[in-house]
Enquirer: 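Pasting a structure below so you can have a look.
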Amino acid sequence: MNLCNIKTVKSLLARYSTDTKKGFGQNFLINPSVPFDIAEESFNYHSSVCQESACVLEIGPGVGALTSELCGRYEKVVAVEIDRSLIPVLGETMADYDNFTLVNEDFLKLKLDSFLDEHFGNAPVSVCANLPYYITTPILMKLLEDGGGRFASITVMVQKEVAMRLCATEKDSDYGAITASVNYYGKVKRLFDVQPSSFLPAPNVTSTVIRIELYRDKPYSVKDEKTLFDVIAGAFAQRRKTLLNSLSSSISYIPKARIGEIITECGFDISIRGERLSIADFCTLANKIYEEKAK
């Protein structure tokens, strides 16, 4: 069954009395080279960093275009689909794959650590998905924050604008809180763009496939991760203001004058803005603020 053929996809959806749902951000792939290339990128990188069994988690499988490519490569594929109407569709399209498990849940509501234990045990897991654009950031942060270091890599398709932010450096205008936060967990690599014509229905934006190559041992020393992310959020809360003014509005437990002293003690100019700090800089600053808070 060609799951990238428009007639096939429309026939499947009609047979099960369903359709693409804007509320779930559904845009199904109809260009066969795209799911092939995404799956290849995911599996080849997984194989390069993991010598153990190859397992993958997919979020939002749709009708299974990417899923089938993953099943042809990985030993075990677990897909989480929120749309109940697609469960019988996937029951048909994935019927020939005995290495596939479907879970009808809202991914954002899962207890991720216990979910991974239940479905993958101690095996290393990669993530591969065509993410709904409207909840891209919450999904990525849940994977990074709750994954407990279990993931080998995360290969996902996102809106091009989001990809530009994730791949930005502190010298770029696209650099922001999400950039710094994700870079704490791993290195983001831009793989390739996907045009709107590759989807049904066609979105109004270009998409980009990225890979987050997760650190096994983080190169940054952080005394308290909550403080780090509070500092990052505070630094970008008021982008047009200096780091001092922006932080002093969000970190109320330290006097503004002392925050200014901490900034200079870290080696930064007092007039610097948050978007000029790398993740390593943020870690240095967060450690100083944590020490001050602990006094």
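Residues take their numbers from the sequence shown, with the count starting at 1. Keep in mind that what you see is a predicted model, and the values were worked out from it rather than measured.
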Enquirer: Please determine whether the number of non-hydrogen atoms from other residues, nucleotides or ligands lying under 6.0 Å from atom NZ of Lys189 exceeds 12.
Expert: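 No, NZ of Lys189 has 12 or fewer neighbouring heavy atoms, counting only those of other groups under 6.0 Å.
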
Enquirer: Please check this pair: side chain of Ser181 against backbone of Ala177, looking for a donor-acceptor N/O pair closer than 3.5 Å.
Expert: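 Indeed, once roles are kept as given, a pair shorter than 3.5 Å links the two residues.
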
Enquirer: Could you tell me whether Lys288 and Glu292 make a salt bridge, using a distance below 4.0 angstrom between a side-chain N and a carboxylate O?
Expert: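 No salt bridge links Lys288 with Glu292.
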
Enquirer: Please confirm whether Arg239 makes a cation-pi placement over Tyr175, using NZ or CZ under 6.0 Å from the six-membered ring centre and within 45° of the ring normal.
Expert: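 The answer is no; the distance or angle limit is not met.
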
Enquirer: Would the distance check show the side chain of Ser47 and the main-chain N or O of Asn44 forming a donor-acceptor pair, the cut-off being under 3.5 Å?
Expert: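 It does not hold such a pair.
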
Enquirer: Should Val156 and Asn130 count as side-chain neighbours, where that means a heavy-atom distance under 4.5 Å?
Expert: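 The answer is no, as the side chains (C-beta and beyond) never meet within the 4.5 Å cut-off.
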
Enquirer: Quick one: does Gln195's side chain have a donor or acceptor within less than 3.5 Å of a partner on Ser197's backbone?
Expert: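 A pair under 3.5 Å: no.
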
Enquirer: So do Cys167 and Arg190 actually touch side chain to side chain, heavy atoms under 4.5 Å?
Expert: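 Yes, their side chains come closer than 4.5 Å.
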
Enquirer: Looking at Ser85 and Thr18, would you say the former's side chain and the latter's main chain have a donor-acceptor pair under 3.5 Å?
Expert: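 Flag not set: sc Ser85 to bb Thr18 has no pair under 3.5 Å.
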
Enquirer: Do Tyr74 and Ser42 have side-chain atoms, one donor and one acceptor, less than 3.5 Å apart?
Expert: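 Result is yes, a qualifying pair exists.
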
Enquirer: Check Glu105 with Lys109, please: is the shortest side-chain N to carboxylate O separation under 4.0 Å?
Expert: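 Salt bridge between Lys109 and Glu105, a charged N being under 4.0 Å from a carboxylate O: no.
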
Enquirer: Verify side chain to side chain donor-acceptor pair (under 3.5 Å) between Thr208 and Gln159, making sure each step is shown before the conclusion.
Expert: CA-CA 6 Å; Thr208 300; Gln159 188 173 330; over 6 Å; no

Enquirer: State, yes or no, whether a side-chain contact exists between Met141 and Val182 at a heavy-atom distance under 4.5 Å.
Expert: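 Yes, at least one pair of side-chain atoms sits under 4.5 Å.
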
Enquirer: Between Tyr184 and Phe282, does the ring centroid distance fall short of 6.0 Å?
Expert: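 No: the rings miss the under 6.0 Å criterion.
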
Enquirer: Quick check: do Arg216 and Val49 have side-chain heavy atoms less than 4.5 Å from each other?
Expert: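 A side-chain contact under 4.5 Å exists here.
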
Enquirer: Less than 6.0 Å separating the ring centroids of Tyr215 and Tyr185?
Expert: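 No - the distance between ring centres of Tyr215 and Tyr185 does not fall below the 6.0 Å cut-off.
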
Enquirer: If hydrophobic clusters are built from ILVMFWY residues whose side chains come within less than 4.5 Å, do Met157 and Val77 share one?
Expert: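 Yes, same cluster.
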
Enquirer: Leu228 and Phe268: same hydrophobic cluster, using ILVMFWY side-chain contacts below 4.5 Å?
Expert: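 Yes, Leu228 and Phe268 fall within the same hydrophobic cluster.
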
Enquirer: Starting from Ile251, can I reach Leu243 by hopping between I/L/V/M/F/W/Y residues whose side chains sit under 4.5 Å apart?
Expert: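 Both belong to a single hydrophobic cluster.
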
Enquirer: Please examine the side chains of Val127 and Arg150, heavy atoms only from C-beta on, and report whether any two atoms are closer than 4.5 Å.
Expert: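 The answer is no, as the side chains (C-beta and beyond) never meet within the 4.5 Å cut-off.
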
Enquirer: Taking Tyr290's backbone N and O only, do any of them form a donor-acceptor pair with Asp224's side chain (distance below 3.5 Å, no angle check)?
Expert: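 No, because the side chain of Asp224 does not come within donor-acceptor range (under 3.5 Å) of the backbone of Tyr290.
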
Enquirer: For the hydrophobic clusters of this structure (ILVMFWY residues joined by side-chain heavy atoms under 4.5 Å, transitively), does one cluster hold both Val89 and Phe199?
Expert: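 Both belong to a single hydrophobic cluster.
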
Enquirer: Supply the atom-to-atom distance Leu200 CG to Asn31 CG, rounded to the nearest 0.5 angstrom.
Expert: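 Here the rounded value is 12.5 Å.
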
Enquirer: Ignoring hydrogens and angles, tell me if any N or O in the side chain of Asn287 forms a donor-acceptor pair with the backbone of Lys223 under 3.5 Å.
Expert: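 Confirmed, Asn287 side chain pairs with Lys223 backbone.
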
Enquirer: Just checking Met164: does its CE atom have more than 12 heavy atoms from other residues, nucleotides or ligands closer to it than 6.0 angstrom?
Expert: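 For Met164, atom CE is not crowded (no more than 12 foreign heavy atoms under 6.0 Å).
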
Enquirer: With a 6.0 Å cut-off (strictly less than), is the heavy-atom count around CG of Asp106, excluding the residue itself, greater than 12?
Expert: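 Yes, because the 6.0 Å sphere around CG of Asp106 holds more than 12 heavy atoms from other groups.
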
Enquirer: Spell out, as yes or no, whether a donor-acceptor pair under 3.5 Å connects the side chain of Asp172 to the backbone of Asp174.
Expert: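 The answer is no, because no donor-acceptor pair under 3.5 Å joins these two groups.
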
Enquirer: Do Ser246 side-chain atoms and Gln238 backbone N/O form a donor-acceptor pair below 3.5 Å?
Expert: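 Present.
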
Enquirer: Should the pair Glu265-Arg258 be classified as a salt bridge under the 4.0 Å nitrogen-to-oxygen rule?
Expert: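 Looking at Arg258 together with Glu265, the answer is yes, because their closest N to O distance falls below 4.0 Å.
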
Enquirer: Is there a donor-acceptor pair closer than 3.5 Å between any side-chain N or O of Asp281 and the backbone N or O of Ser278?
Expert: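 Yes: the side chain of Asp281 pairs with the backbone of Ser278.
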
Enquirer: Taking Tyr220 for the side chain and Thr284 for the main chain, is one N or O donor matched with an acceptor at less than 3.5 Å?
Expert: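 A pair under 3.5 Å: no.
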
Enquirer: Do the non-hydrogen side-chain atoms of Glu161 and Val205 ever get within less than 4.5 Å of each other?
Expert: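 Not in contact.
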
Enquirer: Side chains of Asp193 and Lys160: closer than 4.5 Å at any heavy-atom pair?
Expert: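 A side-chain contact exists here, since the closest heavy-atom pair is under 4.5 Å.
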
Enquirer: Should the pair Lys293-Glu291 be classified as a salt bridge under the 4.0 Å nitrogen-to-oxygen rule?
Expert: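 The answer is no: the pair does not qualify as a salt bridge.
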
Enquirer: Mind checking the CZ-CG spacing from Arg273 to Asn245? Nearest 0.5 Å is all I need.
Expert: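 Answer for the CZ-CG pair, Arg273 versus Asn245, is 9.0 Å.
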
Enquirer: For atom NZ of Lys218, decide whether the heavy atoms of other residues, nucleotides or ligands shown that lie under 6.0 angstrom number more than 12.
Expert: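 Yes - once you tally the heavy atoms of other residues, nucleotides and ligands closer than 6.0 Å, there are more than 12.
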
